[in-house]
*Asks:* 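This structure is in structure tokens; I'll ask about it shortly.
These numbers were taken from a predicted model, which means no experiment stands behind them. Note that ligands are numbered from 1 as they come in the structure, with each ligand's atoms numbered from 1 the same way.
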Amino acid sequence: MTKEEEEEEEEEEEEDLEELPWWKTSIVYQVYPRSFMDSTGSGVGDLIGIASKADYLRDLGVGAVWLSPVFTSPMADFGYDVSNFTDIDPVFGDLQDFDFLLEEMHRRDLKVILDFVPNHTSDQHEWFLKSVRREDPFTHYYVWEDAAGYNASGHPFPPSNWLSVFRGSAWEWVEEREQFYLHQFLAEQPDLNFRNPAVREEIKDAMRFWLDRGVDGFRVDALKFLFEARNAFEDEPRAQDSDVEDPLQYEFLEHTLTVDRPETLEALAEWRELVGEYEDRFLMVEVYADVNETMKYYGNESHPLADFPFNFLLIDSFQSRDNLTGESVMAVIDDWMTNMPEGKWPNWVIGNHDNSRVASRLGSDLVDALNMLILLLPGTPVTYYGEEIGMEDTFVSWEDTQDPRGLNFGPERYLEFSRDPARSPMQWGDEPNAGFSTANATWLPANANLTSLNVATQDEAEASHLGVYRQLSELRREVTFVRGDLAFPLVTEEVIAILRSYKRAPSYLLVINTSEYDVTVDLQQGTTLPEVGTVVLRSVTDTSDATMLGSKVQLNNVTLVGGEGIVFKFPQV
Ligand code: GLC
């Protein structure tokens, strides 16, 4: 290659980086506002608290902050029951605080994504109160149905057997209106009637309100539940291969009538269009479904829908360490990459406010390796607050349990279902409440491991999860990660090796030992990898001299400790 050609290609590589929309090169960082930072001493986090951590977020290297709902809410489902879509709940602050937060973030080049909850409102929303009273235009804002019949003592039967995700019937009787309303979540979260054009307009107005204010996009909550079959009197069948015996548990039924309806994609198309009227805005959607169903929410090139539906495969497939192997990790990555529609962008999620924390689910030895995985694969990683320091689930007693899903299962079963353990206060330091709040008691207790596991301690340590995370967020800006190809030169039961390469740029090899014990691998056998690689990152659990940062390692003989990840660099392969 001549010098000119080389220069041309370099320029091309730089251009390649510039052309992409921000959300393709950013890490999305999820903040659960109740638990991030409390600026008032109330024991609950707030917007000013989040703003006070803007430097932390910038230094972490994330590009966008997604806030779980901060709208006015009675908090039956901690903000996912909205009683006013266009105001801030006083627990979190007010609109002025919100504008301040937005400004603080934007000044640091951080985008702000709001959680948007279109499927339902709070039962305290003005629309619902008026709908109960059949006050127009609100009469048909919700999914109201007559009783299927009455027993001898006048007790009404619900239209069908449909169940709430949080356990129990999805139908609630309202004496005043003498009808049932549908709630796919809590009774305090009545489902909106999306067949009513007025409802669709209301929701779009609420989206415009925030877009006009300058938010950079939305995470759409519980999207697959938007529409149900028109005939609400038809029952759903029993789930075929489920071992659930509790007839009130959601998984008891197969949801053939209440999720993933084609009309939902039409509503999403309307929002895509609306968001597209603004410059540079972003739309990601929450859909827990099988991969084929999930992919529909991307749309296609001529009919784009979400920028992406969350990829929950790394959560769904790995509920415990049991079936985590090099091979199964590769299969899961492949599953997304090969099913994704042409021209679409992948994303990777290992935790959120609805699931057990990844360090507890899979093992704290894997913290760095999993952050390496999601940050170095092609696509957008989503980090749940605290994953950068390896936060673990917090034990919350029955008496202290807050999560309505946990409460619905009672003292015997709550531990299996409560989402509180993953929502405990961010561990900033080793002071009381982990430096999250000056209150005597916080809404959920901080984890007892806060004395050793916190941001301040990791900041000072020579090697830490936080340090690894910051290096990763820097590393992934390289064109190889943004644009590069993906290959798996070596995959065994224990180990997965992931190669990223791009034109003449340096190549990187991420090697992960998914097992709990030391493993030595020959990364050259049967591969075309070079003889030597330079270590650019490794898990903090590895303290051996052989893999110190910067060392050149013979790739035919690499030892990884249990759960370790190592990143090697070499000239283009
Ligand atoms: C989504 C949210 C969850 C909430 C539910 C109802 O799944 O992530 O936290 O409880 O929707 O809004």
Side-chain angles (χ1 to χ4, degrees), residues 28 30-36 45 66-85 89 113-125 128 142-143 162-168 170 172 181-192 194 203 206 218-228 249-251 255 258-260 264 268 284-289 293-294 297 306 309-312 315-316 347 349-357 382-385 401-409 414 417-424 443-444:
V28 174
Q30 181 188 0
V31 164
Y32 193 69
R34 295 182 71 83
S35 300
F36 200 61
W66 147 35
L67 304 177
S68 279
V70 290
F71 316 109
T72 320
S73 166
M75 301 288 165
D77 190 21
F78 297 108
Y80 287 93
D81 49 321
V82 180
S83 55
N84 183 348
F85 284 110
D89 194 274
I113 301 166
L114 286 186
D115 214 314
F116 198 71
V117 192
N119 179 65
H120 43 265
T121 70
S122 159
D123 64 343
Q124 300 306 308
H125 197 295
F128 187 72
Y142 296 83
V143 183
W162 298 356
L163 288 173
S164 148
V165 174
F166 292 151
R167 196 169 184 268
E172 184 79 4
Y181 68 85
L182 178 73
H183 60 90
Q184 296 221 53
F185 294 88
L186 298 176
E188 292 89 342
Q189 292 165 299
D191 272 46
L192 281 165
F194 270 84
I203 289 298
F218 299 110
R219 172 262 189 194
V220 180
D221 178 76
L223 181 59
K224 72 172 185 180
F225 300 93
L226 213 58
F227 281 86
E228 301 77 30
Q249 192 177 322
Y250 188 67
E251 293 73 25
H255 305 288
T258 50
V259 296
D260 295 321
T264 301
L268 180 55
M284 58 181 180
V285 300
E286 184 208 32
V287 182
Y288 285 89
E293 202 53 57
T294 305
Y297 292 82
F310 284 121
N311 173 358
F312 292 130
I315 296 180
D316 288 344
N347 73 96
V349 186
I350 48 176
N352 58 35
H353 64 297
D354 293 326
N355 289 279
S356 166
R357 281 191 177 270
V382 184
T383 288
Y384 183 49
Y385 82 95
T401 292
Q402 305 287 328
D403 178 27
R405 187 171 77 170
L407 292 171
N408 274 354
F409 282 89
Y414 84 99
F417 296 94
S418 174
R419 298 170 294 177
D420 289 340
R423 297 176 175 181
S424 62
W443 82 284
L444 283 174

*Asks:* Under the rule for side-chain hydrogen bond (donor to acceptor under 3.5 Å, both in side chains), what residues qualify as partners of N119, not counting sequence neighbours?
*Replies:* D191
*Asks:* Which protein residues have a heavy atom closer than 4.0 Å to any atom of ligand 1, listed by chain and number?
*Replies:*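 Contacting ligand 1 under 4.0 Å are D77, Y80, H120, F166, F185, Q189, R219, D221, A222, E286, H353, D354, R419, R423.
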*Asks:* Under a plain distance cut-off of 3.5 Å, with no hydrogens placed, do Q184 and Q189 share a side-chain donor-acceptor pair?
*Replies:* no
*Asks:* Using the test ring-ring contact (aromatic ring centres under 6.0 Å, His included), find all partners of F71 that sit at least two apart in sequence or belong to another chain.
*Replies:*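 F71 satisfies ring-ring contact (aromatic ring centres under 6.0 Å, His included) with W210 once adjacent residues are dropped.
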*Asks:* Going by ring-ring contact (aromatic ring centres under 6.0 Å, His included), name the residues that satisfy it together with Y250, two or more places apart in sequence or in a different chain.
*Replies:* H255
*Asks:* I'd like to know whether Y181 forms a ring pair (Phe, Tyr, Trp, His ring centres under 6.0 Å) with W162, so could you lay out the CA-CA distance, the side-chain angles of the two residues, the decisive distance to 0.1 Å, and finally the verdict.
*Replies:* CA-CA 12 Å; Y181 68 85; W162 298 356; over 10 Å; no
*Asks:* Could R167 and F409 be counted as a cation-pi pair, given that NZ or CZ must be under 6.0 Å from the ring centre and within 45° of the axis?
*Replies:*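 R167 over F409 ring: yes.
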